Protein chains: 2
Amino acid sequence: MNLTQLRHIDAIVKNAYNLSRAAETLHTTQPGVSTQLRALEDELGVMIFERKGKRIIGLTAAGESIVSMSQEILQKIRAIRAVGEEFSQEKKGTFTIATTHTQARYALPAIITRFVKRYPDVQLRIRQGHPQQISEMVIQGDADIAIATEAIASYQQLLMLPVYRWNRCLIARSGHPVLKPRKPTLDLIAQFPIVTYDFAFAGRSAMNKSFIEAGLKPNIVLTAIDSDVIKHYVELGLGIGVLAHMAYDEKRDKKLRCKDVSHLFDDSVTSIGIRRGSFLRGYMLEFVEMFAPHLSIGQISSLLTKHSPELENELMQKLTDLPLR
Amino acid sequence: MNLTQLRHIDAIVKNAYNLSRAAETLHTTQPGVSTQLRALEDELGVMIFERKGKRIIGLTAAGESIVSMSQEILQKIRAIRAVGEEFSQEKKGTFTIATTHTQARYALPAIITRFVKRYPDVQLRIRQGHPQQISEMVIQGDADIAIATEAIASYQQLLMLPVYRWNRCLIARSGHPVLKPRKPTLDLIAQFPIVTYDFAFAGRSAMNKSFIEAGLKPNIVLTAIDSDVIKHYVELGLGIGVLAHMAYDEKRDKKLRCKDVSHLFDDSVTSIGIRRGSFLRGYMLEFVEMFAPHLSIGQISSLLTKHSPELENELMQKLTDLPLR
DNA sequence: CACCGTTACGGTATCCGTAAGGATT
DNA sequence: AATCCTTACGGATACCGTAACGGTG
């Protein structure tokens with residue numbers, strides 16, 4: 001058994017059980033992949049892949065376990081590499097943040113500016129996606145940390161660090177009747193066409209919850225993953241918008257008026273997600289600390305290396321202490 | 001980087017930083033180890049071992065992380081091998097249980113008899129030690145499961161499954177004055193020389209606790225890790241004995257009388273300890289289920305593969321439901 | 001001087017790419 | 001016919017053992 005073989009089976013799975021594709025992504029030839037696979041199966045004494053004739057069509061039960069363990073091993077190999085880089089060139093490296101548009105556009109710029117100034121030789125990459133994609137990027141090792149709202153929680157392989165709470169505001173063109181009352185009600189909002197976040201986004205389900213509990217059915221005419229898109233369509237008069245408070249900018253959005261509606265919806269919590277057991281470079285820990293000042297670098301790294309449900313629970317209990325943005 | 005290199009650095013650490021010894025346990029030559037080590041250090045760009053001239057004397061900070069990750073990787077490699085064996089020869093293999101004398105002698109025989117009948121081709125091995133040694137055997141991969149009382153809890157790397165509660169009884173030669181009262185008191189016990197478990201054993205500290213709380217200082221004349229040794233010395237009249245209830249056998253121990261003292265001491269809990277993330281063979285899971293019938297095989301394996309503090313907590317909360325032996 | 005780790009060298013086994021050959025859709 | 005996987009073969013490479021060398025206590 002060797003690491004090449006593990007990388008091979010991982011690639012086969014990730015390329016939909018196609019040896020030729022797997023070979024390409026591995027920068028090698030397809031017979032090589034085939035041979036190594038067979039060697040591994042022979043050594044272990046089990047078929048890893050389900051075959052139909054000569055075609056490979058999926059994983060066997062044994063293969064499921066083997067692949068998942070292999071992936072953990074490859075993950076740790078990456079971690080070892082990271083340790084090497086950390087100690088040999090402290091201020092150089094790459095850093096991939098997987099996040100949503102709203103975070104990238106409104107929550108992160110300030111932090112990233114500070115970060116880049118402090119670590120000019122770190123190549124920073126932001127990968128966008130919806131919360132599910134983001135989580136999977138981190139699990140697959142395609143990103144170092146995830147920043148998103150709530151959805152990260154459903155992955156046991158991710159460690160969640162709550163960062164801040166936020167709520168929504170209502171936006172509309174100035175003069176729109178929904179802006180009249182000092183405190184808009186759900187009833188009122190439900191009377192107008194709404195433009196808001198896509199359903200894949202956590203912020204959206206917190207909104208739906210309030211409407212459902214009130215027995216109302218909002219008229220959602222358009223959804224987007226992107227606050228800027230939402231604002232644009234509201235400007236065009238397509239409807240009223242419901243979006244994260246921080247996404248409204250008084251100076252930029254001069255055609256729009258904003259009204260707080262946090263009394264209508266539950267707070268949402270934005271968190272950082274990190275793959276359990278991974279090794280974060282010093283500058284990554286520092287980034288996390290910049291973004292979530294209530295967490296110390298020591299705490300974060302001990303959460304990553306040690307298994308301590310107590311500390312994790314403590315964090316999840318203290319949500320109300322988080323800053324509201 | 002390859003697995004050989006990881007095995008090498010692991011062996012170096014486990015052989016007190018002596019390359020020659022490491023080479024022996026790896027069944028290879030010392031220059032080979034040296035070369036591989038250097039190759040790994042070069043590739044990662046960091047020194048893994050602290051050197052004093054040419055001597056290797058310890059780990060660097062980077063080395064600490066690297067070695068601990070390597071060990072996790074090697075652990076998972078073993079797990080993959082186990083998966084292979086599990087699916088190719090379901091009823092064959094080895095099974096190493098690390099446990100204390102008392103468990104091996106009094107709690108396990110019944111289960112092991114059943115197990116051996118069901119899996120005659122599994123080579124069963126029992127390794128004895130005190131709780132700390134036992135836990136480390138499992139962490140190092142030298143044993144598959146640990147069975148001991150409480151001490152396992154202090155290792156975060158181990159998953160703990162509570163199995164049963166137990167308490168102590170007082171033994172003495174028939175006619176001994178301590179046997180007079182129906183319910184002996186701590187005061188009374190403290191008046192006689194006591195033979196009991198070694199301090200390294202969890203059962204012992206629960207006993208000490210009661211004496212300390214009562215402000216008494218028991219006169220402990222002899223400690224042993226072995227119930228049979230304790231009984232023997234009590235038979236010789238060296239003192240009275242305090243030991244696990246299950247260690248007294250009315251038929252065998254005819255010279256001794258036994259008196260329940262569970263009103264004086266807290267219950268102790270015996271647990272199974274398993275290395276987190278390891279893969280247990282089907283027969284191992286079945287053994288655990290035999291020993292702890294309140295746990296299902298499904299529960300156990302999902303506790304091992306998934307990260308779910310909730311389920312773990314639930315188990316730890318339900319201690320009072322455990323059978324008393 | 002005994003022990004320990006590094007460097008040098010050469011043979012071998014392993015790996016990997018090319019080429020060709022059956023299977024499956 | 002096109003795609004896909006396996007088998008066969010040969011060359012390059014990396015690995016490992018032997019031998020010799022420099023440090024350390």
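In what follows, every heavy atom counts, from backbone to side chain, and hydrogens, waters and symmetry copies are set aside. Numbered from 1 within each chain, the chains take letters A, B, ... in sequence-line order. The structure presented is a predicted model; accordingly, all values stated were derived computationally and were not measured.
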From the candidates D:dT6, D:dT24, D:dA19, the one with an atom nearest any side-chain atom of A:L19 is D:dT6
note: B:I56, atom CD1; D:dG23, atom C1'; distance rounded to Å ~ 13 Å
Can a donor-acceptor pair be found, under 3.5 Å and without considering hydrogens, that links the side chain of B:R51 to the backbone of B:G58?
no
Walking DNA chain D from its 5' end, the first of B:T4 and B:R55 to be reached, judged by nearest nucleotide, is B:T4
Please state whether the phosphate of D:dC16, meaning OP1 or OP2, lies under 4.0 angstrom from any side-chain nitrogen or oxygen of B:T29.
no
Side-chain contact check for A:K54: nearest option of C:dA23, D:dC16, D:dG23 is C:dA23
- Query: Are B:T35 and D:dC15 close enough that a side-chain N or O sits under 4.0 Å from OP1 or OP2?
  - Reply: no
Here the distance between atom P of D:dT6 and atom CZ of A:R38, to the nearest Å, is 6 Å
When rounded to whole Å, the CG to C1' distance for the pair A:N15 and D:dC5 reads 15 Å
When rounded to whole Å, the CD to P distance for the pair A:Q36 and D:dT6 reads 13 Å
Separation between CG (B:D144) and CG (B:L280), nearest 0.5 Å, reads 7.0 Å
Closest of C:dG17, C:dC4, D:dC16 to the B:N18 side chain is C:dC4
B:Y17 OH to C:dT6 P, in whole Å, measures 15 Å
Of A:N2 and B:Q30, the one whose closest nucleotide on DNA chain C sits nearer the 5' end is B:Q30
Starting from the C-alpha separation in whole Å, work towards a yes-or-no answer on side chain to side chain donor-acceptor pair (under 3.5 Å) for A:Q140 and A:K14.
CA-CA 10 Å; A:Q140 294 296 335; A:K14 286 187 178 153; 2.8 Å; yes
_Phosphate contact (D:dT6 OP1 or OP2) by A:R51 side-chain N/O below 4.0 Å_ = yes
Using 30° and 60° as the class limits, which term best fits the ring planes of A:Y283 and A:Y119: parallel, tilted or perpendicular?
tilted
A:L3 CG to C:dT14 P, in whole Å, measures 17 Å
Note to self: Measuring to OP1 and OP2 of C:dT6, would you say a side-chain N or O of B:S34 lies under 4.0 angstrom away?
What the structure shows: yes
Under 4.0 Å, counting only non-hydrogen atoms across every strand here, what does B:G53 touch: a base, just sugar-phosphate, or nothing?
sugar-phosphate
Taken to the nearest whole Å, CD/B:E43 to C1'/D:dC15 is 15 Å
Separation of D:dC15 atom C1' from B:L37 atom CG, nearest Å, is 16 Å
Out of D:dC4, C:dG17, C:dT6, minimum distance to the side chain of B:P31 belongs to C:dT6
So CD of B:Q5 and CG of B:D10: to nearest 0.5 Å the spacing works out to 13.5 Å
